[in-house]
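Heads up: the structure comes next, in structure tokens.
Excluded from the calculations below are hydrogen atoms, water molecules and symmetry mates; all remaining heavy atoms, backbone and side chain alike, are included.
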Amino acid sequence: MTRSALLVLADGRFPAGGHAHSGGAEAAVKAGRVHDAASLEAFCRGRLRTAGLTAAGLAAGAALGLDPHELDAAADARTPSPALRAAARRLGRQLMRAARATWPGPGLDALAAAFPRGAHQPVVLGVTARAAGLGPEDAAHCAAYEAVGGPATATVRLLGLDPYQATAVLARLAAEMDEVAARATAAAHEGVDALPAASAPLLDITAEQHAAWPVRLFAS
């Protein structure tokens, strides 16, 4: 295992397509729920504890070697919004392309063959972590960071928010990200049925609204 591989996988410049998605921040900005650093922090904390925890559990399970078909079905069950399910599979396809070019191996090849239209992104993330020689907690950390890093970066673009303030928000959430990753990893060791299923109904509702916008900056 190499920590450098973890840095590569978690790097926002890794070509996995996440830069095109706001994680619900665009809809929250338009609704006025996110308008400054404090409201961004509240939004990210809520997302981390719900969608982030769920994604971290799925990623940890995949990195641990749990059945990807069961994990993908679990991801579907935990994603009631059709728009978010479609986005997760698009991101899964993009991550798969980047992962197979970076860490080619039979695990990724088998997942790509099993899900030609794309598996859910957290499942692909976990299999990618495994191919890179990383463990389940590493995969969970990546998922937790993505859950808040994407919205923070998007809000800088959407509001013209000071990037130093956005980065400070992420730093203040660091201990909570560690806690979420540890909780997700512990659940993954108990099997698919024990994985977190935290819900965020407002994210689901606004994702459907956002998908119907004729003009938007981000894909989701």
Side-chain angles (χ1 to χ4, degrees), residues 6 10 12 18 21-29 31-64 71 74-81 83-85 87-88 91 120-123 125-126 129 136-156 158 161 165-210 218 220:
L6 177 59
H21 296 259
S22 77
E26 185 167 22
V29 166
R33 287 188 293 274
V34 173
H35 51 82
D36 59 10
S39 55
L40 171 63
E41 184 171 344
F43 176 85
C44 286
R45 178 171 286 109
R47 180 170 167 75
L48 175 64
R49 294 289 183 178
T50 55
L53 174 61
T54 300
L58 292 163
L64 196 61
L71 288 169
D76 253 353
R78 288 160 171 75
T79 313
S81 163
L84 289 180
R85 286 199 297 271
L91 283 167
H120 277 262
Q121 192 269 358
V123 179
L125 176 61
E137 191 162 5
D138 296 313
H141 272 289
C142 283
Y145 180 73
E146 286 177 354
V148 295
T153 301
T155 302
V156 170
L158 290 161
L161 186 69
Q165 292 185 20
T167 301
V169 166
L170 298 179
R172 288 193 293 272
L173 292 172
E176 292 181 54
M177 284 188 263
D178 289 347
E179 180 187 341
V180 164
R183 180 180 168 189
T185 304
H189 280 282
E190 297 182 20
V192 175
D193 290 341
L195 293 177
S199 63
L202 188 56
L203 285 178
D204 295 323
I205 292 168
T206 55
E208 292 302 308
Q209 295 169 344
H210 181 270
F218 290 93
S220 69

statement: For Ala152 and Leu170, the nearest pair of non-hydrogen atoms, with its separation, is CB-CD2, 3.9 Å
- prompt: Taking Ser22 for the side chain and Ser220 for the main chain, is one N or O donor matched with an acceptor at less than 3.5 Å?
  reply: yes
task: Please confirm whether the backbone N or O of Gly150 pairs with a side-chain atom of Thr153, one donor and one acceptor, at under 3.5 Å?
output: no
- prompt: What distance separates Gln121 CD from Leu84 CG, expressed to the nearest 0.5 Å?
  reply: 12.5 Å
statement: Correct closest heavy-atom pair for Ala59 and Leu125 would be CB-CD2, 4.1 Å
field: Leu173: which of Val148, Val180, Asp178 passes side-chain contact (heavy atoms from CB on, under 4.5 Å)
entry: Val148
task: May I ask you to decide if Leu158's main-chain N or O and Glu26's side chain share a donor-acceptor pair within less than 3.5 Å?
output: no
task: Search all heavy atoms of Ala140 against all heavy atoms of Ala60 and return the closest pair with its distance.
output: CB-CB, 4.2 Å
message: Can you pull out every salt bridge (charged side-chain N to carboxylate O under 4.0 Å, His left out) where at least one residue sits in residues 46-58? Sequence neighbours excluded, please.
response: Arg49-Glu176, Arg49-Glu179
task: Would you give the length of the straight line joining atom CD of Gln209 to atom CG of Asp204, rounded to the nearest 0.5 angstrom?
output: 11.0 Å
statement: In this structure, CG of Asp76 is separated from NE2 of His120 (nearest 0.5 Å) by 3.5 Å
field: Close side-chain approach of His189 to Pro136, heavy-atom, < 4.5 Å
entry: yes
- prompt: Hey, is CZ on Arg183 packed in by over 12 heavy atoms from elsewhere, all under 6.0 Å?
  reply: no
statement: What one should report as the nearest heavy-atom pair of Leu203 and Gly23 is CD2-O, 4.1 Å
Test log, rule side chain to side chain contact (heavy atoms under 4.5 Å, CB included), inputs Leu202 and Arg33: CA-CA 11 Å; Leu202 188 56; Arg33 287 188 293 274; 3.6 Å; yes
message: Using side chain to side chain contact (heavy atoms under 4.5 Å, CB included), reason through His21 and Leu91 one step at a time and then give a plain yes or no.
response: CA-CA 9 Å; His21 296 259; Leu91 283 167; 3.5 Å; yes
message: side chain to side chain contact (heavy atoms under 4.5 Å, CB included) for Leu71 and Leu195? Distances and angles first, verdict last.
response: CA-CA 9 Å; Leu71 288 169; Leu195 293 177; 3.5 Å; yes
message: Just verifying a value: how many Å separate His210 NE2 and Ile205 CD1, rounded to the nearest 0.5 Å?
response: 15.5 Å
field: From Leu161 atom CG to His35 atom NE2, the distance as rounded to the nearest 0.5 Å
entry: 11.5 Å
- prompt: Short question: side chain of Arg78, backbone of Pro196 - any donor-acceptor pair under 3.5 Å?
  reply: yes
- line: Heavy-atom closest pair (Glu208 atom, Ala83 atom, distance to 0.1 Å) is OE2-N, 2.8 Å
- line: Here the pair of heavy atoms bringing Cys142 nearest to Leu6 is SG-CD1, 3.4 Å
- prompt: Within the distance-only criterion (no hydrogens, no angle test), does the side chain of Thr54 pair as donor or acceptor with the backbone N or O of Ala51 below 3.5 angstrom?
  reply: no
